[in-house]
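Heads up: numbering here begins at 1 and tracks the sequence. Everything numeric in this text was worked out from a predicted model, so none of it was measured.
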Amino acid sequence: MTPDPTADAPTAPRWIAVDWGTTRLRAWAMRGARPVDARASDRGMGRLAPAGFEPALLDLIGDWLPAAGRIRVIACGMAGARGGWAEAEYRAVPCPPIDPRRAIRAPARDPRLDVRILPGLSQAEPPDVMRGEETQIAGFLAENPGFDGALCLPGTHSKWVRLSQGRVERFRSFMTGEVFSLLAGQSVLRLTIDAARPDPAALAEAGAEALADPHAAQSGLFPLRAAALLQGLAPERAAGRLSGLLIGAELAAARDFWQDGPTAIIGAPDLARLYETLLLAAGAQACHKDGTALVLAGLAAASLDLPEDT
């Protein structure tokens with residue numbers, strides 16, 4: 001069993017939780033299921049070669065490490081991707097969202113680091129994968145063990161997940177956030193939108209249109225540029241309409257996930273509330289949950305189930 005060099009320090013971590021995304025690295029110093037400190041950096045997987053992961057982590061949490069012995073680090077997300085720190089396998093659905101026994105040990109030169117990376121999930125048909133979201137799903141199930149319904153995890157690549165009896169039955173990914181960024185920043189719409197923040201009223205209006213008629217997401221794009229030229233459409237309203245058209249089309253395509261049961265939306269509060277507003281207007285049973293709290297709950301659940309001698 002790994003010695004506990006922090007036993008006499010009431011605020012020192014017993015273990016470290018890490019969520020490693022494409023653009024951000026987040027870490028928490030943990031005692032049991034309770035964080036005692038939190039830090040973040042912009043050194044996500046997208047900016048690192050495999051050899052850069054350990055230095056990036058040490059730069060962020062080096063002073064949390066014990067003077068002697070090792071400390072367990074449990075990581076989820078893109079640290080386990082191909083081209084990440086070490087490639088962690090995908091587990092095929094249907095299955096429980098996490099299995100800590102199948103976490104892999106990442107190579108570390110610093111003898112104080114005992115790094116375990118949780119695997120992602122895969123689906124054969126239609127082909128799909130996820131990394132990181134499965135830990136939020138596990139956190140949600142830890143708090144809602146009897147839940148039978150859908151989860152929506154909006155973001156750059158939104159995930160829709162069907163849960164039953166504590167298992168992920170199936171899921172589907174949508175590139176909604178990435179498509180918005182590409183259209184707003186690199187298409188002709190950049191001349192109208194660029195970095196403008198979406199207007200919520202315009203978003204809700206366009207979202208309802210696209211949810212009722214998914215073809216609106218295609219036919220409504222160029223009119224945003226035309227309306228700016230002919231009618232003085234403000235960049236904020238154009239951004240709102242673009243976001244609403246894309247999210248509404250996503251919701252229409254994911255209708256089989258949310259139309260017949262409860263849906264919990266997990267993500268950043270502002271974005272989750274936008275999805276919740278559109279779903280409620282469409283008659284869905286929807287509520288939103290904080291994504292950060294749930295990823296911590298999922299990593300804490302993994303820490304309890306990970307054998308000491310693996």
Side-chain angles (χ1 to χ4, degrees), residues 17-28 30 33 44-45 73-106 115-145 147-175 177 254 257 263-268 272 288-306 310:
V18 170
D19 179 16
W20 216 314
T22 301
T23 58
R24 297 282 288 170
L25 162 61
R26 298 186 297 172
W28 296 267
M30 303 292 293
M45 180 263 194
V73 179
I74 301 178
C76 68
M78 300 306 290
R82 187 172 301 174
W85 193 340
E87 187 173 4
E89 65 180 338
Y90 290 111
R91 298 169 50 244
V93 299
C95 63
I98 59 172
D99 182 354
R101 296 168 300 176
R102 291 172 68 175
I104 65 163
R105 179 179 273 117
V115 180
R116 312 300 177 92
I117 302 176
L118 298 173
L121 298 181
S122 67
Q123 179 174 273
E125 197 59 43
D128 213 332
V129 294
M130 70 167 71
R131 284 200 187 277
E133 295 92 351
E134 74 288 332
T135 310
Q136 291 179 314
I137 297 168
F140 177 84
L141 285 175
E143 297 181 1
N144 304 272
F147 184 82
D148 192 324
L151 298 185
C152 170
L153 299 97
T156 302
H157 299 156
S158 297
K159 307 287 185 185
W160 284 84
V161 181
R162 184 69 172 86
L163 296 179
S164 182
Q165 298 182 341
R167 303 195 312 171
V168 175
E169 296 294 327
R170 59 188 177 94
F171 64 97
R172 192 180 306 164
S173 300
F174 295 84
M175 293 175 60
F257 282 86
T263 298
I265 306 157
I266 300 171
H288 70 267
K289 303 286 186 180
D290 178 67
T292 299
L294 292 182
V295 75
L296 267 180
L299 288 167
S303 76
L304 294 175
D305 292 338
L306 191 63
T310 62

Distance-only, no hydrogens or angles: does the Arg91 side chain make a donor-acceptor pair with backbone N or O of Pro119 under 3.5 Å?
no
For the backbone of Leu141 and the side chain of Glu143, can you confirm whether one donor and one acceptor N or O come within less than 3.5 Å of each other?
no
Is a side-chain N or O of Asp128 found less than 3.5 angstrom from the main chain of Gln123, in a donor-acceptor match?
no
Donor-acceptor pair, side chain of Arg162 and main chain of Gly149, under 3.5 angstrom
yes
Tell me whether Asn144 contacts the main-chain N or O of Phe147 through its side chain, where contact means a donor paired with an acceptor under 3.5 Å.
no
From Leu299 atom CG to Asp19 atom CG, the distance as rounded to the nearest 0.5 Å:
7.0 Å
Exercise: identify the closest heavy-atom pair between Met78 and Thr22:
CG-OG1, 3.7 Å
Interatomic spacing from CZ in Phe171 to CG in Leu163 - rounded to 0.5 Å:
12.0 Å
Which atom of Pro154 lies closest to which atom of Ile265, heavy atoms considered
CD-CG2, 3.8 Å
Arg167/Asp148 ion pair, N-O < 4.0 Å:
no
Search all heavy atoms of Glu169 against all heavy atoms of Pro94 and return the closest pair with its distance.
OE1-CB, 3.7 Å
Measure the CG-CE distance between Leu25 and Met45 for me, rounded to the nearest 0.5 Å.
13.0 Å
If I take atom CD from residue Glu133 and atom NE2 from residue His157, how far apart are they, to the nearest 0.5 angstrom?
10.0 Å
Between Trp20 and Trp85, how do the two ring planes meet: parallel, tilted or perpendicular, split at 30° and 60°?
perpendicular
Kindly say whether Pro126 contributes a backbone atom to a donor-acceptor pair with the side chain of Arg172 at under 3.5 angstrom?
no
Test item: Met130 and Ile137 side chains (from C-beta on) under 4.5 Å apart, heavy atoms
yes
Closest heavy-atom pair, Ser158 versus Gly155, reported as atoms and distance to 0.1 Å, is OG-N, 3.2 Å
Can you name the nearest heavy-atom pair linking Ile98 to Gly298, along with the distance?
CD1-O, 3.7 Å
Looking at every heavy atom in both Leu121 and Cys95, which two are closest together, and how far apart are they?
CD2-SG, 3.7 Å
Distance (rounded to the nearest 0.5 Å) between Arg82 CZ and Tyr90 OH:
7.5 Å
Roughly how far, to the nearest 0.5 Å, is the CG atom of Leu296 from the CD atom of Gln136?
10.0 Å
If you count heavy atoms of other groups shown closer than 6.0 angstrom to CD of Gln165, is the number above 12?
no
